[in-house]
Amino acid sequence: MRTRIALGTIGALIMAYGAWRLLGTAGLTRPKTVGEWLIAALILHDGVLVPVTMTVGYVLSATLRPRARRYVAGALVTAALVTVVALPLIYRRGTVPRSTTLETQNYGSHLALIVALIAVVTAGSYAVRALRDRRVDRVSDANDRPPTDHSSSSP
């Protein structure tokens, strides 16, 4: 309980410091724009991201076995995080002067490649796990058989 209170207090102090800095340098930070962005992020999160996540989770739980569901869910979360990072770069491509090589990259094709790589690694990891579990099941089945009688027939 003390840890939770301490962490909550530290978090509140950090947020208060951030608000103080945001409002204290209003010419540089544009608090109105930050507020609009925060409201848009809240609406996007609660109006789009949460319903989509819950729907995908329900479909996964209804269609996949628990072991496969864990791998697919992990891959989807990873792909979503990569996509969230890449979308602003894809959206803003061509809107700023080309001054560095990073701004000239084709982020759309790179995103597709990374998502495909995530899918391949996930499928490979699942296959390794399934083969390992099958091998362990065969060994445990062999150990569950009653021992054979190896008594000698010599007098």
Side-chain angles (χ1 to χ4, degrees), residues 1-93 95-96 99-141 143-144:
M1 183 69 170
R2 288 181 191 176
T3 304
R4 293 180 84 185
I5 291 172
L7 290 174
T9 302
I10 291 169
L13 289 172
I14 290 172
M15 288 190 315
Y17 175 74
W20 175 69
R21 293 288 296 169
L22 179 71
L23 297 173
T25 56
L28 297 173
T29 58
R30 297 182 300 202
K32 182 181 175 190
T33 304
V34 172
E36 292 169 353
W37 183 87
L38 287 173
I39 291 170
L42 179 68
I43 291 169
L44 180 66
H45 179 270
D46 292 348
V48 177
L49 185 61
V50 170
V52 167
T53 302
M54 291 181 71
T55 303
V56 169
Y58 176 77
V59 169
L60 288 178
S61 66
T63 58
L64 296 176
R65 293 181 178 169
R67 179 176 54 201
R69 185 171 52 234
R70 287 189 293 261
Y71 284 89
V72 172
L76 288 175
V77 166
T78 305
L81 291 172
V82 169
T83 302
V84 165
V85 170
L87 279 180
L89 298 169
I90 293 168
Y91 176 73
R92 295 191 64 202
R93 184 171 186 219
T95 61
V96 293
S99 61
T100 65
T101 58
L102 289 177
E103 295 169 352
T104 63
Q105 299 294 317
N106 185 352
Y107 290 106
S109 64
H110 292 171
L111 175 63
L113 181 65
I114 290 172
V115 169
L117 184 62
I118 290 168
V120 167
V121 169
T122 300
S125 299
Y126 178 74
V128 167
R129 176 66 187 258
L131 290 172
R132 184 181 303 147
D133 288 351
R134 186 179 302 160
R135 191 174 306 137
V136 167
D137 288 344
R138 271 192 252 138
V139 169
S140 66
D141 287 345
N143 290 336
D144 290 342

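In what follows, every heavy atom counts, from backbone to side chain, and hydrogens, waters and symmetry copies are set aside.
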Derivation of the side chain to side chain contact (heavy atoms under 4.5 Å, CB included) call for Val72 and Thr122: CA-CA 7 Å; Val72 172; Thr122 300; 5.6 Å; no
Minimum heavy-atom separation for [X] to [Y], with atom names?
{"X": "Ala75", "Y": "Ile118", "answer": "O-CG2, 3.8 Å"}
{"X": "Pro51", "Y": "Gly47", "answer": "CG-O, 3.6 Å"}
{"X": "Asn106", "Y": "Ser109", "answer": "O-OG, 3.1 Å"}
{"X": "Ala26", "Y": "Pro31", "answer": "O-CD, 3.6 Å"}
{"X": "Tyr126", "Y": "Ala68", "answer": "CE1-CA, 3.6 Å"}

Just jot down the side-chain hydrogen bond (donor to acceptor under 3.5 Å, both in side chains) partners of Arg129, sequence neighbours excluded, or say none.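 Here the qualifying residues are Asp133.
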What distance do [X] atom [atom1] and [Y] atom [atom2] have between them, rounded to the nearest 0.5 Å?
{"X": "Thr33", "Y": "Leu38", "atom1": "OG1", "atom2": "CG", "result": "11.0 Å"}
{"X": "Trp37", "Y": "Leu44", "atom1": "CH2", "atom2": "CG", "result": "10.0 Å"}
{"X": "Leu111", "Y": "Ile90", "atom1": "CG", "atom2": "CD1", "result": "5.0 Å"}

Go through the steps to decide whether Leu87 and Thr83 satisfy the test side chain to side chain contact (heavy atoms under 4.5 Å, CB included), and finish with yes or no. CA-CA 6 Å; Leu87 279 180; Thr83 302; 3.9 Å; yes
Report yes if the side chains of Val34 and Leu22 come closer than 4.5 Å at any heavy-atom pair, otherwise no.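 Yes; the side chains approach each other to less than 4.5 Å.
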Not counting sequence neighbours, list each pair that qualifies as a side chain to side chain donor-acceptor pair (under 3.5 Å) and has a residue in residues 43-61.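 Sorted result for residues 43-61: empty, none.
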Enumerate the residue pairs fulfilling side chain to side chain donor-acceptor pair (under 3.5 Å) with a member in residues 8-32, sequence neighbours excluded, ordered by first and then second residue.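 Qualifying pairs, neighbours excluded: none.
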Taking it one step at a time, do Leu76 and Val56 satisfy side chain to side chain contact (heavy atoms under 4.5 Å, CB included)? CA-CA 9 Å; Leu76 288 175; Val56 169; 3.7 Å; yes
